[in-house]
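Only a predicted model underlies this, so the values are computations on that prediction, with no experimental measurement involved.
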Amino acid sequence: MSEVRDIQIDGDGDGDGDGDGEAEKEAPAPKPGRRRLLRRGLIGLALVLLLPLLTVAVALRLNYAGDPADGTRTRGKDAIWLGHAWVDGRKTDADVTALARRLRDTGIRDLYVHAGPLEHDGTLPGSAYPKARWLIGAVHEAAPGIRVQAWLGDKLATESPDGLRLTEKDTRAAAVRSTRRILDAGFDGAHFDLEPLHSGDEDYLDLLDALHQVTRAHGVPLSVAAHQIDPLPALHSVAGTLTGHPKWWSQAYFGQVARRVDQIAVMSYDTATPLESLYGGYVAQQTSLALEVTPESTDLLMGLPFYREDNFAHWSFAETVPAAVRGVRLGLSRTDADRANFGVALYVDFAATQADWTAYEKDWVR
């Protein structure tokens, strides 16, 4: 062990004992007043950061209070997202039979079957959905009245250099051609999910206008998966400035999208809320915000989390199906309890548990 020595520092600070004889000077201690100011400053900063969060938490918790109105249950216009296995050859007739049995006596009318993704240039090879005609025919036979929509999408190059670029006219035109071809394959509609899509994107609105011409010509619906709406005014702008990821849409932009489609499904999950009550209150708020700007002629669907993940964006113990359904019913009750074109959308079939299905059926269907 090395020897520890006390070294006295002399007046000139070099430790060689040749100081100039002046008294040693210690660094002055902070004055009591300065310490108090520092503590107060830190407390003030904490309050500035925490008070808005606490205010929002209280508001969401209050939004989760009360009882849903009678009759705020399924209108028979619900949907579920299905994975790519249904069109790439992994599923069989037995799987379709089991799916039809599962859907019986629920409110599900639409299946969003993953048939993409689109290539970054907007094209979609037929090899991406080789069993589409088989699936559509099998579902129509086993579950008459159920619509099989093609779920298409891609990562957008809005927050990274890699992805589909809606700013390019040729890319949008290719996406329209891809949609026309996939509808020629027999799908009962086209469901688009493009992310991350920033609020105010005019190129997206142009794409929807062009796509709607195609779906109308085929006599089928155009459907989209939508981002959440600003829970606070202009929050998407603040988030975009601070993080580069706006996440939310303005309520006005949500309305612009909703007016251009036949069906809009809000991805009301991945909210980062840490408690069921806060998540349910958030869904209630999102439901109300969406109802306020969605035309009555457009089907509005609120997403239910039929999956499990635990990360900063999604806590499975908080984002539950019972909390989401209760939030949906509360928002519907307060805003437009009699809205006919309304439902929920279940994400996603391959991660769903029996508990998820039971909660959906017990709290929303029955």
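- Using modelled atom types, one finds no donor on one side chain facing an acceptor on the other under 3.5 Å when comparing E276 with Y64.
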Chi angles and distances behind the side chain to side chain contact (heavy atoms under 4.5 Å, CB included) call for L291, L332: CA-CA 8 Å; L291 281 167; L332 182 61; 4.0 Å; yes
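- Distance check, rounded to the nearest 0.5 Å: CG of L207 to CZ of F192 gives 6.0 Å.
- Taking 4.5 Å as the limit, every side-chain heavy atom of L152 sits out of range of all side-chain heavy atoms of H114.
- Heavy-atom neighbours of N311 CG from other residues, nucleotides or ligands within 6.0 Å: above the threshold of 12.
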Full working for side chain to side chain contact (heavy atoms under 4.5 Å, CB included) between D162 and K155: CA-CA 8 Å; D162 183 42; K155 171 187 173 183; 4.2 Å; yes
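- A 4.5 Å side-chain heavy-atom check between L135 and K91 finds every atom pair outside the cut-off.
- In plain terms, the two heavy atoms of A226 and F254 that are nearest each other are CB-CE1, 3.7 Å.
- V96 places a side-chain heavy atom less than 4.5 Å from the side chain of W134.
- With hydrogens and angles disregarded, no donor-acceptor distance shorter than 3.5 Å links the side chain of R165 to the backbone of L156.
- Using a 4.5 Å heavy-atom threshold, the side chains of W357 and F306 count as touching.
- For the side chain to side chain donor-acceptor pair (under 3.5 Å) criterion with H314, the lone passing option out of E319, E309, R308 is E319.
- The structure places NZ of K77 at 8.5 Å from CZ of R147, a figure rounded to the nearest 0.5 Å.
- Using a 4.5 Å heavy-atom cutoff, the side chains of T298 and R259 are not in contact.
- Both V214 and L205 are assigned to one and the same hydrophobic cluster, defined by single-linkage of ILVMFWY side chains at heavy-atom distances under 4.5 Å.
- For V148 against F187, the heavy-atom pair with the smallest separation is O-CD2, 3.4 Å.
- Side chain of T294 to backbone of A258: no donor-acceptor contact under 3.5 angstrom is found.
- Counted by atom type alone, T358 and Q354 present one or more donor-acceptor pairs between their side chains at under 3.5 Å.
- How far NE2 of H218 is from OG1 of T179: 10.0 Å, rounded to the nearest 0.5 Å.
- Put simply, CG on D209 and CD on Q213 are 7.5 Å apart, with the number rounded to the nearest 0.5 Å.
- Under 3.5 Å, the side chains of H191 and W81 contain a donor-acceptor pair of N or O atoms.
- Pairing each heavy atom of W315 with each of P274, the nearest pair is CD1-CA, 4.2 Å.
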From CA spacing to verdict: side chain to side chain contact (heavy atoms under 4.5 Å, CB included), L111, L99: CA-CA 11 Å; L111 310 180; L99 177 63; 4.1 Å; yes
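- Here the closest non-hydrogen pair linking Y279 and A318 is CD2-O, 3.6 Å.
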Working for side chain to side chain contact (heavy atoms under 4.5 Å, CB included), residues V328 and V344: CA-CA 8 Å; V328 167; V344 296; 4.2 Å; yes
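- Between D88 and K131, no side-chain nitrogen of the basic residue sits less than 4.0 Å from a carboxylate oxygen of the acidic one, so the salt-bridge criterion is not met.
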Salt bridge (Lys or Arg N to Asp or Glu O under 4.0 Å) evaluation trace for D363 with R326: CA-CA 8 Å; D363 298 338; R326 177 175 168 77; over 6 Å; no
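- Heavy-atom neighbours of E195 CD from other residues, nucleotides or ligands within 6.0 Å: above the threshold of 12.
- Side-chain contact of T123 with D121: a donor-acceptor pair under 3.5 Å is present, judged by distance alone.
- Distance alone, capped at 3.5 Å, places no donor-acceptor pair between the T243 side chain and the G240 backbone.
- At a threshold of 4.5 Å between side-chain heavy atoms, the hydrophobic network of Ile, Leu, Val, Met, Phe, Trp and Tyr places L301 and W248 in two separate groups.
- Under the 4.5 Å side-chain heavy-atom criterion for ILVMFWY residues, a single connected hydrophobic cluster contains both V87 and Y112.
- Other residues, nucleotides and ligands contribute more than 12 heavy atoms inside 6.0 Å of the OH atom of Y269.
- The minimum heavy-atom distance between H236 and S250, with the atom names listed, is CE1-CB, 3.7 Å.
- Side-chain contact between D110 and D188 is absent, with no heavy atoms from C-beta onward closer than 4.5 Å.
- For the residue pair D95/W86, the side-chain donor-acceptor check at 3.5 Å is not satisfied.
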Intermediate values then yes/no, salt bridge (Lys or Arg N to Asp or Glu O under 4.0 Å), K247 and D230: CA-CA 9 Å; K247 182 177 174 65; D230 280 337; over 6 Å; no
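- Inspection of the Y360 and D78 side chains reveals an N or O donor paired with an N or O acceptor under 3.5 Å.
- Between the side chains of T167 and D203, no donor N or O sits under 3.5 Å from an acceptor N or O.
- One hydrophobic cluster, built from ILVMFWY side chains closer than 4.5 Å, holds both I146 and L183.
- Listed for the S178 side chain is no donor-acceptor partner under 3.5 Å among the backbone atoms of L118.
- Here the straight-line distance linking atom CD of Q256 with atom CG of L208 works out to 10.5 Å at 0.5 Å rounding.
- Within the 4.5 Å cutoff, side-chain heavy atoms of I182 are placed close to those of Y129.
- With hydrogens and angles left out, the side-chain atoms of R329 and T72 include a donor and acceptor closer than 3.5 Å.
- D70 CG: 12 or fewer foreign heavy atoms inside a 6.0 Å radius.
- Y307 places none of its side-chain heavy atoms less than 4.5 Å from the side chain of D356.
- Of all heavy-atom pairs between T335 and G331, the closest is OG1-O, 2.9 Å.
- Between the side chain of T215 and the backbone N or O of H212 there is at least one donor-acceptor pair closer than 3.5 Å.
- Taking hydrophobic clusters as Ile, Leu, Val, Met, Phe, Trp and Tyr residues chained together by side-chain heavy-atom distances below 4.5 Å, L304 does not share a cluster with L60.
- To the nearest 0.5 Å, atom CG of residue L300 and atom CG of residue N341 are 9.5 Å apart.
- Between N63 and Q285, the side chains place no donor N or O within less than 3.5 Å of an acceptor N or O (distance only, hydrogens not considered).
- Listed for the D310 side chain is a donor-acceptor partner under 3.5 Å among the backbone atoms of S316.
- Looking at S268 and Q286, their side chains never bring a donor and an acceptor atom within 3.5 Å of each other.
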